[in-house]
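What follows is a short report on a single structure.
Position 1 is the first residue of the sequence, and the numbers go up from there. All values reported here derive from a predicted model rather than from experimental measurement.
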Amino acid sequence: MLRAALCAIFLFGALPSLAKESRGHVSVVLLGATGDLAKKYLWEGLFHLYLDQVSSGHSFTFHGAALTAHEPGQRLMFEVLKKLACPSDVSPDRCAVVKDQFLKLSQYHQLQTSENYTALNREIETLLQQEGLEEAGRIFYFSVPPFAYAEIARHINGSCRPRPGAWLRVVLEKPFGHDLKSAQQLAIELRTFFQEEEMYRVDHYLGKQAVAHILPFRDQNRRFLDPIWNRHHVERVEIVLKETLDAKGRTSFYEQYGVIRDVLQNHLTEVLLYLAMELPANISSAEEVLRRKLQTFKALQGPESTSAVLGQYQAYASQVREELQKAQEYVSTTPTFAGVLIQLDSLRWEGVPFLLTSGKALDERVGYVRVLFKNRAYCTQRESLREAGQSQCGAKQIIFHIGHGELRCPAVLISRNLFKPIMPEGSWKEVADRPQLRLFGLPLSDYYVYSPVKEREAYSVLISSIYHGRKDSFITTENLLASWEFWTPLLDSLTQQAPRLYPGGVENQHLLDLEMVGRELSFMLEEPAELLHADRQTPDDYRTIQAKFRQSPLVSAWPEELIAQLASDIETAAAQAVARCGEFHLALSGGSSPVVLFQRLATHHYGFPWRRTHVWLVDERCVPLADPESNFRSLHDHLLQHVRVPYLHVHPMPVHLNRRLCVEEDRGPELYAKEIAALVTNASLDFVLLGLGSDGHTASLFPRSSSGLEGAQTVVLTESPVKPHQRMSLSLPLINRARQVAVLVMGKGKHEITTQISRVGQEPRKWPISGVNPSSGQLVWYMDYDALLG
């Protein structure tokens with residue numbers, strides 16, 4: 001197949017002069033060809049390489065390899081290849097032709113045994129011989145776990161090296177060890193099979209365009225930077241990578257590595273070196289750059305444990321217990337957030353703090369480097385009268401914006417009150433002002449802003465460098481071991497340090513704000529428990545009361561603790577339901593009390609099985625669903641838009657049909673009842689949340705209601721004594737089929753009705769709440785102290 005594809009390419013126009021002017025044949029072998037990294041980035045990078053080099057004089061074949069058997073592996077691989085896309089500047093016609101060629105030049109191999117590698121080598125050799133091609137070289141890309149490196153390396157070295165005179169390039173993905181000792185062991189194993197110049201260790205951050213431009217920017221702007229790139233003028237340097245995603249699905253990796261090993265030891269350290277190293281005379285020389293980086297490593301002052309802070313988002317522990325099948329009492333101290341303060345013992349940087357920060361489940365996804373300069377100016381004229389960029393009183397900073405964030409693209413920004421930089425024409429362009437955008441408190445007009453003329457994905461950049469044999473964007477063994485030598489003592493000192501818990505996302509507020517004092521780094525705020533109710537006792541000063549109310553279990557506490565307990569109980573019920581039957585049916589009431597519960601579920605329960613959850617309404621006002629009075633609108637605004645419930649698992653009540661509201665002829669209750677019957681086994685909901693009105697009503701079942709309190713109907717239309725009068729509600733018989741029913745009662749305004757209800761029997765026509773009595777499930781009352789005690 002490959003031979004036929006090469007012949008077709010030679011004969012029909014894509015490479016018309018290749019047979020005469022061939023610079024040799026390149027075989028690319030992607031190990032782990034059906035894995036996540038290959039699907040997301042590597043095949044796209046290889047396709048873009050072929051797109052760029054198809055007329056360069058080299059011929060190519062691409063060999064995807066994995067442990068999967070041939071037929072299923074080939075099917076998986078070609079599903080990925082068929083979805084490949086060209087950059088926007090490539091014409092559709094050219095894209096279609098080159099993509100077709102790329103697919104024909106690609107094939108799948110099962111590589112598991114030494115015989116498999118021997119067969120692959122024989123196939124490459126046969127192709128070269130039959131087509132009369134000289135071999136330029138072979139690329140082996142290891143997109144596999146590091147524990148497999150040694151065995152694969154042995155097979156390649158033993159039976160799959162290229163012919164003498166051709167080059168071999170072996171590409172390795174992180175993690176490169178867990179600490180200094182394991183990194184040294186891995187380096188020794190690899191050196192047994194490969195020369196240093198044959199190995200390309202990938203840190204994909206070095207392929208990010210803003211990161212890759214740090215050294216060229218420093219070099220091209222030496223005239224401006226030489227006087228100010230030092231401790232006399234730089235106040236601090238921030239190197240930041242924030243992520244909104246959590247570690248769900250990757251907890252097995254994260255439990256072993258954590259955020260410092262995952263991000264700080266490699267990505268952020270490399271950026272620090274680019275900023276702090278002394279510039280070599282030739283920044284294009286990989287050897288000179290490496291020498292300067294190693295010198296910088298020697299100048300780094302080893303951080304103490306007091307120079308680091310750790311955090312862990314609250315849902316992480318439950319995710320670990322679920323994914324790794326740990327016991328409920330298992331406690332993880334793995335950090336998902338870290339800040340580390342680093343200083344250098346050098347004349348240039350003495351006393352300047354370099355702050356490295358990264359974390360998961362944060363408020364935004366963004367990566368940036370910010371060099372903030374000291375400013376001794378004082379301006380008498382008020383700010384509104386100063387010309388933009390002309391005032392020396394504004395912040396002076398240089399920002400390498402790596403990606404995402406509000407800018408949504410790589411960029412280099414320089415304060416206008418610093419200097420107008422020299423930027424390479426053709427590859428970077430000045431960006432027009434975006435007046436609504438502010439960055440670090442300043443309008444974009446206060447900066448000179450440059451972005452790449454053509455944005456390129458990091459892996460495409462690095463794969464191109466591998467093909468061309470450029471090693472300046474890769475990690476050498478010396479570089480790697482120097483990094484682990486720096487970080488390992490700190491990692492060892494932090495093993496017993498408990499991370500600060502944080503809720504995740506925007507709810508973190510100021511909880512992770514940091515303060516630098518000398519060489520020490522700390523959180524600016526104390527632990528949250530010490531901040532609540534400083535003038536009185538906190539919820540933690542009280543034990544949750546477990547008692548009885550109307551012969552059913554009662555949970556009572558201060559509001560914060562009560563809501564936390566109810567949210568936890570709902571999550572427990574969800575986990576049990578999913579384990580039992582694969583899905584969880586949750587029915588929620590409207591009103592003001594559940595709002596804080598919705599917010600708690602959205603911001604503190606990242607382990608909740610939302611993808612297996614169906615959300616139903618207990619009752620609804622007869623208003624459009626987007627109306628502020630709508631229970632569904634409140635549920636959407638405070639919960640649904642913040643969690644990942646599948647669209648078809650959300651079931652609003654059909655109160656708005658045929659452009660009218662709650663008309664009996666539209667049969668809305670019957671439609672909802674049929675939907676419940678179709679999806680919920682025996683119409684028995686797993687968990688129903690109710691409230692209690694001051695007149696004793698629950699759901700939208702009111703005293704002396706003509707429907708819903710008894711009978712066969714499961715969903716009914718009712719009338720409220722207050723506007724909007726018309727309602728739709730689940731009936732008492734349906735509510736009483738539920739496995740679990742919770743009644744949430746909060747506030748002093750409910751104390752009187754709570755007292756009355758505690759004394760009455762089962763009189764649903766007078767007190768509808770008294771008719772809640774699950775036939776085979778459990779009823780639990782959740783009351784705060786104000787409602788219970790007044």
Practice task
Would you check, one step at a time, whether the test ring pair (Phe, Tyr, Trp, His ring centres under 6.0 Å) holds for Y782 with F549?
Solution key: CA-CA 10 Å; Y782 293 82; F549 184 81; over 10 Å; no
Completion exercise
Only one of L788, L744, V555 passes side chain to side chain contact (heavy atoms under 4.5 Å, CB included) with M783, and that residue is L788
Practice task
Please indicate whether N658 has more than 12 foreign heavy atoms, meaning atoms of other residues, nucleotides or ligands, lying under 6.0 Å from its CG.
Solution key: yes
Problem - Which residues share a salt bridge (Lys or Arg N to Asp or Glu O under 4.0 Å) with R660, sequence neighbours left out - result: D666
Practice task
Not counting sequence neighbours, list each pair that qualifies as a disulfide (SG to SG under 2.5 Å) and has a residue in residues 662-760.
Solution key: C622-C662
Problem - Pairwise side-chain contact, Y672 with I676, heavy-atom cut-off 4.5 Å (strictly under) - result: yes
Exercise for the section: List for me each residue that meets salt bridge (Lys or Arg N to Asp or Glu O under 4.0 Å) alongside E763, sequence neighbours excluded, and say none if there are none. Expected result: none
Exercise for the section: Return the minimal non-hydrogen interatomic distance between H751 and L789, and the atom names on each side. Expected result: CE1-C, 3.5 Å
Exercise for the section: Describe, in one word, how the ring planes of H614 and H651 are oriented to each other, choosing from parallel (under 30°), tilted (30 to 60°) and perpendicular (over 60°). Expected result: parallel
Exercise for the section: Grab the two heavy atoms, one from L661 and one from V623, that are nearest each other, plus how far apart they are. Expected result: CD2-C, 3.7 Å
Exercise for the section: With side-chain hydrogen bond (donor to acceptor under 3.5 Å, both in side chains) as the test, would you mind laying out the steps for E323 and S252 before giving the verdict? Expected result: CA-CA 8 Å; E323 293 179 15; S252 60; over 6 Å; no
Completion exercise
Here the disulfide (SG to SG under 2.5 Å) pairs for residues 679-770, sequence neighbours left out, are none
Practice task
Could you pull out all residues at least two apart from E238 that satisfy salt bridge (Lys or Arg N to Asp or Glu O under 4.0 Å)?
Solution key: R236, R370
Problem - No-hydrogen, no-angle side-chain donor-acceptor test under 3.5 Å, S770 and Q762 - result: no
Fill in the blank from the handout: Between S552 and L779 the two heavy atoms that sit nearest each other are CB-O, 3.4 Å
Handout entry: Separation of Y502 OH from L512 CG (nearest 0.5 Å)
Key = 6.5 Å
Practice task
Go through the structure and list residues passing salt bridge (Lys or Arg N to Asp or Glu O under 4.0 Å) with D513, not counting sequence neighbours.
Solution key: none
Handout entry: Short N-O contact, E243 and R365, less than 4.0 angstrom
Key = no
Practice task
Apply side-chain hydrogen bond (donor to acceptor under 3.5 Å, both in side chains) to T336 and Q312, showing your working.
Solution key: CA-CA 5 Å; T336 61; Q312 182 189 96; over 6 Å; no
Problem - Residues D246 and K360 bridged, charged N to O under 4.0 Å - result: no
Exercise for the section: For E664, look at atom CD and say whether over 12 heavy atoms of other residues, nucleotides or ligands are found less than 6.0 Å away. Expected result: no
Practice task
Just grab all the disulfide (SG to SG under 2.5 Å) pairs involving residues 564-615, residues at least two apart or on different chains.
Solution key: none
Exercise for the section: Please name all residues satisfying ring pair (Phe, Tyr, Trp, His ring centres under 6.0 Å) with Y316, sequence neighbours left out, ordered by chain then number. Expected result: Y313
Handout entry: Main-chain N/O of L76 paired with T34 side-chain donor or acceptor, under 3.5 Å
Key = no
Practice task
List the atom of A315, the atom of G607, and the distance in Å for their closest heavy-atom pair.
Solution key: CB-N, 3.7 Å
Practice task
Find out whether the Lys NZ or Arg CZ of R500 is both under 6.0 angstrom from the six-membered ring centre of F337 and within 45° of the ring's axis.
Solution key: no
Problem - Atom of P768, atom of L732 and distance for their closest heavy-atom approach - result: O-CD1, 3.9 Å
Problem - Evaluation steps, side-chain hydrogen bond (donor to acceptor under 3.5 Å, both in side chains), between H636 and Q641 - result: CA-CA 6 Å; H636 172 270; Q641 69 173 338; 4.7 Å; no
Fill in the blank from the handout: For V688 and I735 the tightest heavy-atom approach is CG1-CG2, 4.5 Å
Problem - Heavy-atom neighbours of R321 CZ exceed 12 at 6.0 Å - result: yes
Handout entry: Salt-bridge contact K83-E79 (side-chain N to carboxylate O under 4.0 Å)
Key = no
Problem - Check: S630/E620 side-chain N/O donor and acceptor closer than 3.5 Å - result: yes
Practice task
Mind telling me whether H267 and H204 have parallel, tilted or perpendicular rings, with 30° and 60° as the class edges?
Solution key: perpendicular
Problem - Cationic N near anionic O, under 4.0 Å, E629 to R621 - result: yes
Problem - CZ (R550) with more than 12 external heavy atoms under 6.0 Å - result: yes
Handout entry: Donor-acceptor pair, side chain of S758 and main chain of T755, under 3.5 angstrom
Key = yes
Exercise for the section: Answer yes or no: is there an ion pair linking R633 with D637, defined by an N-O contact shorter than 4.0 Å? Expected result: yes
Side-chain polar contacts of residues 596-604 - donor-acceptor pairs under 3.5 angstrom, sequence neighbours left out - could you list them?
from: Q599; atom 1: NE2; to: H638; atom 2: ND1; distance (Å): 3.4
from: T603; atom 1: OG1; to: Q599; atom 2: O; distance (Å): 2.8

Exercise for the section: Mind checking ring pair (Phe, Tyr, Trp, His ring centres under 6.0 Å) for Y41 and listing every partner two or more places apart, or none if nothing turns up? Expected result: Y459
Could you tabulate the donor-acceptor pairs under 3.5 Å formed by side-chain atoms of residues 713-720, not counting sequence neighbours?
from: T718; atom 1: OG1; to: S700; atom 2: O; distance (Å): 2.8
from: S720; atom 1: OG; to: V722; atom 2: N; distance (Å): 3.1
from: S720; atom 1: OG; to: V722; atom 2: O; distance (Å): 3.0
from: S720; atom 1: OG; to: R727; atom 2: NH2; distance (Å): 3.3

Handout entry: Pairs flagged by disulfide (SG to SG under 2.5 Å) wherever residues 672-765 is involved - sequence neighbours left out
Key = none
